[in-house]
Amino acid sequence: MRKILIVGATSAMAEACARLWAQRGDQLFLAARNDKQLKSIADDLKTRGAQRVGTKVFDATDFAQHAALLADATRFMDGLDTVLIAHGTLSDQERAQTDVAYALGEIATNGTSVVALMSIAGEQLAAQGRGAIAVISSVAGDRGRQSNYVYGSAKALVSAFASGLRQRLAKNGVHVVTIKPGFVDTPMTAHLKKGALWAKPDQVARDISQAIDKGRAVVYTPGFWRFIMLIIKHIPEFVFVKISL
């Protein structure tokens, strides 16, 4: 049985993970901004078999709340061994190109707030000598592309930070899992045209859960994205600048 804190618990991928963990009887503590939605999800998870489910209204960009969140989750579950950081927004690239304040806000939401949470969670788990941190990054962070480079730069920060944190905390019994989804069919992407490369949240959730259980380091989900991004990363720059991606 795990004792799991889920940040951004109202996101489709996080909720799908929570359902898997509820079915096996884990304890869950859910944090997100929407209180009504949190309570609805918590009630559903209890009926699915979660041993205990706690909730907290939480804004990840308010760094002053971070320590209190970890403390509340630990107190409610009488311990903490797993943290899933899944909050974020899908940035409007065109707006970000002309609105610097908006761009920096998106980087704070998708990047620096995630780094802050990983830092404080990492210290707590390292002190107890065990645990796991799983963070949802994105394939968008593997190479800056004109279609989403503000969002992608935030995710690149998350991936690089997770890599260093993973190396530092390995000797303390804490493993850090970087999750890199491709296109996922969620309410956040409802306005986008779907195609063969799109995955459902349940599929991504299974990959996340297995990665945590097996102590994986970096997981592309679905797995074919690893090969797609390998190709994209190795396109020569003089060619890359001439194509649309």
Side-chain angles (χ1 to χ4, degrees), residues 1-9 11 13-14 16-32 42 45 49-56 58 60 62-88 111-137 141 155 157-181 204-221:
M1 181 192 69
R2 287 184 179 271
K3 298 177 179 181
I4 306 172
L5 165 62
I6 304 177
V7 183
S11 76
M13 286 183 284
C17 287
R19 289 174 179 166
L20 288 177
W21 294 329
Q23 290 168 2
R24 68 185 190 188
D26 291 338
Q27 291 191 46
L28 304 170
F29 194 88
L30 315 178
L45 296 175
Q51 187 176 106
R52 299 187 72 198
V53 184
T55 64
K56 182 180 177 70
F58 176 74
D62 184 353
F63 290 18
Q65 294 186 39
H66 289 193
L69 173 65
L70 270 291
D72 287 348
T74 303
R75 184 166 46 249
F76 178 82
M77 296 183 289
D78 191 25
L80 177 66
D81 55 48
T82 306
V83 179
L84 171 63
I85 303 174
H87 70 278
T112 53
S113 69
V114 178
V115 164
L117 279 166
M118 292 173 70
S119 297
I120 193 169
E123 291 307 295
Q124 177 170 325
L125 296 180
Q128 68 189 32
R130 62 184 180 86
I133 300 170
V135 59
I136 296 182
S137 183
K155 293 301 188 178
L157 168 61
V158 169
S159 294
F161 190 90
S163 178
L165 189 68
R166 176 166 47 250
Q167 185 183 37
R168 183 171 73 85
L169 296 185
K171 60 183 175 292
N172 299 108
V174 179
H175 71 266
V176 177
V177 187
T178 306
I179 312 295
K180 295 187 177 184
V204 173
R206 288 192 296 271
D207 288 343
I208 292 172
S209 184
Q210 290 174 7
I212 294 172
D213 290 344
K214 295 180 179 179
R216 301 276 302 278
V218 179
V219 179
Y220 287 80
T221 175

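Along the sequence shown, residues carry numbers from 1. Note: hydrogens, waters and symmetry copies are ignored here, and every other heavy atom, side chains too, is used.
- Residues passing the salt bridge (charged side-chain N to carboxylate O under 4.0 Å, His left out) test with Arg75 are Asp72, sequence neighbours excluded.
- Proximity of a side-chain donor or acceptor of Ser119 to a complementary backbone N or O of Val115 within less than 3.5 Å is detected.
- When the ring-ring contact (aromatic ring centres under 6.0 Å, His included) test is applied to His66, the partners found at least two apart in sequence or on another chain are Phe58, Phe63.
- A side-chain contact (heavy atoms from CB on, under 4.5 Å) with Ile179 is found for exactly one of Ile208, Val158, Ile85, Val135, namely Ile208.
- Among pairs with a residue in residues 212-221, those fulfilling salt bridge (charged side-chain N to carboxylate O under 4.0 Å, His left out) read Arg2-Asp213, Arg24-Asp213, at least two apart in sequence or across chains.
- Formation of a donor-acceptor pair under 3.5 Å by the Ser163 side chain with backbone atoms of Ser159 is not found in this model.
- To the nearest 0.5 Å, the span separating CG on Leu69 from CG on Leu117 amounts to 7.0 Å.
- Considering only residues two or more places apart in sequence or on other chains, Thr112 meets the side chain to side chain donor-acceptor pair (under 3.5 Å) condition with none of them.
- Each salt bridge (charged side-chain N to carboxylate O under 4.0 Å, His left out) pair with one or both residues in residues 162-174, not counting sequence neighbours, appears once here: Glu123-Arg168.
- Evaluation of the ring-ring contact (aromatic ring centres under 6.0 Å, His included) rule for Phe161 yields no partner, not counting sequence neighbours.
- Test Lys3, Met1, Met77 against Gln51 for side-chain contact (heavy atoms from CB on, under 4.5 Å) and you get one pass: Met1.
- Counting heavy atoms of neighbouring residues, nucleotides and ligands inside a 6.0 Å radius, atom CD of Gln167 does not exceed 12 of them.
- Of the possible polar contacts, none joining the Thr55 side chain to the Leu30 backbone as a donor-acceptor pair under 3.5 Å is found.
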_Full working for side-chain contact (heavy atoms from CB on, under 4.5 Å) between Ile212 and Thr82_ = CA-CA 9 Å; Ile212 294 172; Thr82 306; 4.2 Å; yes
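- Residues Val114 and His87 are in side-chain contact: their nearest non-hydrogen atoms beyond the backbone lie under 4.5 Å apart.
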*asked:* With side-chain contact (heavy atoms from CB on, under 4.5 Å) as the criterion, how do Arg19 and Leu45 come out once you've worked through the C-alpha distance, each side chain's angles and the decisive distance to 0.1 Å?
replied: CA-CA 6 Å; Arg19 289 174 179 166; Leu45 296 175; 4.0 Å; yes
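- By the neighbour-count criterion of 12 heavy atoms within 6.0 Å, atom CG of Asp78 is sparsely surrounded, having that number or fewer from other residues, nucleotides or ligands.
- Side chain of Gln128 to main chain of Leu80: a donor-acceptor pair is present (N/O by atom type, distance under 3.5 Å, no hydrogens or angles).
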